[in-house]
*Asks:* 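Below is one structure. I have some questions about it.
When reading the values below, keep in mind they use all heavy atoms of this one structure, side chains included, and skip hydrogens, waters and symmetry mates. In this text the structure is predicted, and so the values were computed from the model without any measurement.
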Amino acid sequence: MKETGFLRVEQVMEEMQISKQTAYKIIRKLNDELADMGYITVQGRVNADYFYERCRYNGGKEAKQ
């Protein structure tokens, strides 16, 4: 599968070990921040680089390279 640079809710759930509801809340919050900066966002997905930067979590990102 082609790497898109976006994480889906299932990936956020796995990375953070959280429920689907909480993952959607985090995605929504991060997408709102990106939209405020003028970026186009996609509901239910979040830019992977921004996710790792804001969550200060790079374990999953490094492990998958």
Side-chain angles (χ1 to χ4, degrees):
M1 180 184 257
K2 184 178 177 183
E3 184 88 20
T4 63
F6 289 90
L7 299 177
R8 295 176 182 251
V9 69
E10 293 83 6
Q11 294 166 301
V12 173
M13 288 171 56
E14 183 179 326
E15 290 289 339
M16 300 187 80
Q17 297 297 299
I18 56 176
S19 70
K20 185 177 263 191
Q21 180 180 1
T22 303
Y24 273 121
K25 286 180 184 178
I26 290 170
I27 290 171
R28 194 173 311 116
K29 177 177 174 33
L30 296 177
N31 278 340
D32 287 346
E33 292 175 8
L34 286 167
D36 288 345
M37 291 186 279
Y39 291 99
I40 296 171
T41 61
V42 178
Q43 187 175 0
R45 297 183 187 178
V46 65
N47 178 279
D49 291 333
Y50 192 68
F51 169 82
Y52 290 117
E53 176 186 321
R54 286 288 287 124
C55 294
R56 300 199 191 294
Y57 180 81
N58 61 11
K61 185 177 180 182
E62 290 175 354
K64 292 180 182 174
Q65 287 183 351

*Asks:* Stepwise, does the side-chain contact (heavy atoms from CB on, under 4.5 Å) test hold for Ile26 with Ile18?
*Replies:* CA-CA 10 Å; Ile26 290 170; Ile18 56 176; 3.7 Å; yes
*Asks:* Would you kindly confirm whether Leu30 and Met37 end up in one hydrophobic cluster when ILVMFWY residues are joined by side chain heavy atoms under 4.5 Å apart?
*Replies:* yes
*Asks:* For Gly5, does its backbone N or O pair with a side-chain atom of Asp49 as donor and acceptor, under 3.5 Å?
*Replies:*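 Such a contact is absent between Asp49 side chain and Gly5 backbone.
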*Asks:* Between atom CZ of Arg45 and atom CZ of Arg8, what is the distance when rounded to the nearest 0.5 Å?
*Replies:*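 Reported to 0.5 Å precision, the distance equals 3.5 Å.
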*Asks:* Looking at Val46, Ile27, Thr22, which hits side chain to side chain contact (heavy atoms under 4.5 Å, CB included) with Val9?
*Replies:* Ile27
*Asks:* Do Tyr50 and Glu33 have a side chain donor and acceptor closer than 3.5 Å?
*Replies:*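 Side-chain D/A pair, Tyr50 to Glu33: present.
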*Asks:* Could you point out which residue of Asp36, Ile40, Asn47, Thr41 forms a side chain to side chain contact (heavy atoms under 4.5 Å, CB included) with Asn31?
*Replies:* Thr41
*Asks:* With a 4.5 Å heavy-atom cut-off, do Cys55 and Met16 have their side chains touching?
*Replies:* yes
*Asks:* Determine whether Phe6 and Gln11 make a side-chain contact, defined as any pair of heavy atoms from C-beta on separated by less than 4.5 Å.
*Replies:* no
*Asks:* Out of curiosity, does Val42 fall in the hydrophobic cluster containing Val12 (side-chain heavy atoms, cut-off under 4.5 Å, transitive links)?
*Replies:*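 Looking at the clustering, Val42 is in a separate group from Val12.
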*Asks:* Can you tell me if CD on Gln43 sees more than 12 non-hydrogen neighbours from other groups inside 6.0 Å?
*Replies:* no
*Asks:* Ignoring hydrogens, what is the shortest heavy-atom contact between Met13 and Ser19? Give both atom names and the distance.
*Replies:*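 It is CG-O, 3.9 Å.
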